[in-house]
Amino acid sequence: MGVANQSMASDFILVGLFSHSGPHLVLFSLVCAMFTTGLLGNTILFFLIWTDTRLHSPMYFLLGQLSLLDIGFPLVTIPKMAANFLQGGSSISFGGCAAQMFFLMSVGVSEGVLLSLMSYDRYVAVCHPLHYAMLMRPQVCLLMVGTSWFSGVLVASIQTSITLHFPYCASRTVDHFFCEVPALLKLSCADTSTYELALSVSGVLILLLPISLIATSYSHVLGAVLRMRSAEARRKAFTTCSSHITVVGLFYGAAVFMYMVPGTYHSPQQDNVVSLFYSLITPTLNPLIYSLRNREVQVALVKVLSRAGVRSKR
């Protein structure tokens, strides 16, 4: 009990990404610019989907939820990292560390599940277009979103509570710029080998199940596209599916490296780079990928900007 109390009473020390040297200041500014761009891009995309009636369809409803998750992802990690850098500090409280782990894992697992369910939406749209309205009715869409959020909260609750149950009585320096389960387990003064094995197995299952659904959905989509006689139909199907495939590749590529490749095969520096990729770069790129390759989103954005221009002239 004394060890546990000591664990909860002390702060953790986060190893920042940047020092105060010239090149690192440039990189820090770049990260802040990407953070701002990502928040703005996802907020605009969510706003467009919410307000434009032409975007009130199952695909865009799910895309709006993806934007919401991509707003949360960098908010969990980047502000604390930036505050520590600007203030010259590096500590985070036990409660703050727990909150970071919980929310980051909730958003991460929810996004992974949502991306896999979005592939099912594309499968229905391409392979069963006549039954799309029935198969993707509002109740089904709400069930998809609820499943993704519930999965994230469930996994995060279990893994966060178990991770913080271990005593941390040695070095409290986390070799990472935010609190993440693998980095924290290295600091425990108890034997965590069994839990790390269980964590690896669960990580593989959590990743493989959605990836299997995505692969199955797009194998059917590919077959349907190849059978299409109309070049315009093939182009439209390819455009809508390729944006989602690109986002899936960015998200799952980083996740597979982080949670399916054993920790002995990558260094803390590589973990930092990969974590920065999936917590900042991918959420920043997602709205750009969808808006640049989607004519309906472009039309909705032009419509909003035109309205804003007319109001400003008045």
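Model, not experiment: these values are computed from the prediction.
- Within the 4.5 Å cutoff, the side chain of Phe166 has no heavy atoms near those of the Leu187 side chain.
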- [ ] Begin with the C-alpha distance, continue with both residues' side-chain angles, and end with the deciding distance and a verdict on side-chain contact (heavy atoms from CB on, under 4.5 Å) for Tyr132 and Val124.
- [x] CA-CA 6 Å; Tyr132 183 77; Val124 175; 3.6 Å; yes
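- Leu142 and Met144 fall within the same hydrophobic cluster, defined by Ile, Leu, Val, Met, Phe, Trp and Tyr side-chain heavy atoms under 4.5 Å apart, directly or through other members.
- Inter-residue side-chain proximity for Leu280 and Phe73 is flagged as unmet; no heavy-atom pair is nearer than 4.5 Å.
- The minimum heavy-atom distance linking Leu48 with Ala300 is given by the pair CD2-O, 3.7 Å.
- Among the candidates Val113, Leu69, Leu114, the single residue satisfying the side chain to side chain contact (heavy atoms under 4.5 Å, CB included) test with Trp149 is Leu69.
- By the criterion of side-chain heavy atoms lying less than 4.5 angstrom apart, applied directly or through intervening Ile, Leu, Val, Met, Phe, Trp or Tyr residues, Phe150 is grouped together with Tyr120 in one hydrophobic cluster.
- Between Phe35 and Pro79, some side-chain heavy-atom pair lies under the 4.5 Å cut-off.
- Tested against Asn286, the residues Asn42, Asp70, Thr246 include a single side-chain hydrogen bond (donor to acceptor under 3.5 Å, both in side chains) partner, Asp70.
- Counting only heavy atoms from C-beta outward, the side chains of Pro167 and Ser188 approach each other to under 4.5 Å.
- Across Gln100 and Val76, no two heavy atoms sit closer than the pair NE2-O, 3.2 Å.
- For the pair His56 and Ile49, the tightest heavy-atom approach, listed with the atom from each and the gap, is CD2-O, 3.1 Å.
- Contact between Cys241 and Arg122 at its shortest, heavy atoms only, is SG-CB, 4.1 Å.
- Looking at heavy atoms from C-beta onward, Met101 lies out of side-chain contact with Phe178 at the 4.5 angstrom threshold.
- The local environment of CZ in Phe277 is crowded, with over 12 non-hydrogen atoms from other residues, nucleotides or ligands closer than 6.0 Å.
- The minimum heavy-atom distance linking Ser110 with Gly152 is given by the pair OG-CA, 3.4 Å.
- With contacts defined as side-chain heavy-atom distances shorter than 4.5 Å, the pair Val31/Met81 qualifies.
- Between Tyr123 and His128, the gap from one ring centroid to the other is short of 6.0 Å.
- Annotation: side chain of Lys303 is in contact with side chain of Arg54 (closest heavy-atom distance under 4.5 Å).
- Shown here for Pro58 and Met136, the closest heavy-atom pair between the two residues is CG-O, 3.3 Å.
- Considering only heavy atoms from C-beta on, Asn84 stays 4.5 Å or farther from Ile92 through its side chain.
- The cluster map of Ile, Leu, Val, Met, Phe, Trp and Tyr, joined by side-chain heavy atoms under 4.5 Å apart, puts Phe28 and Val15 in different clusters.
- Between Tyr168 and Phe12, the ring center distance clears the sub-6.0 Å criterion.
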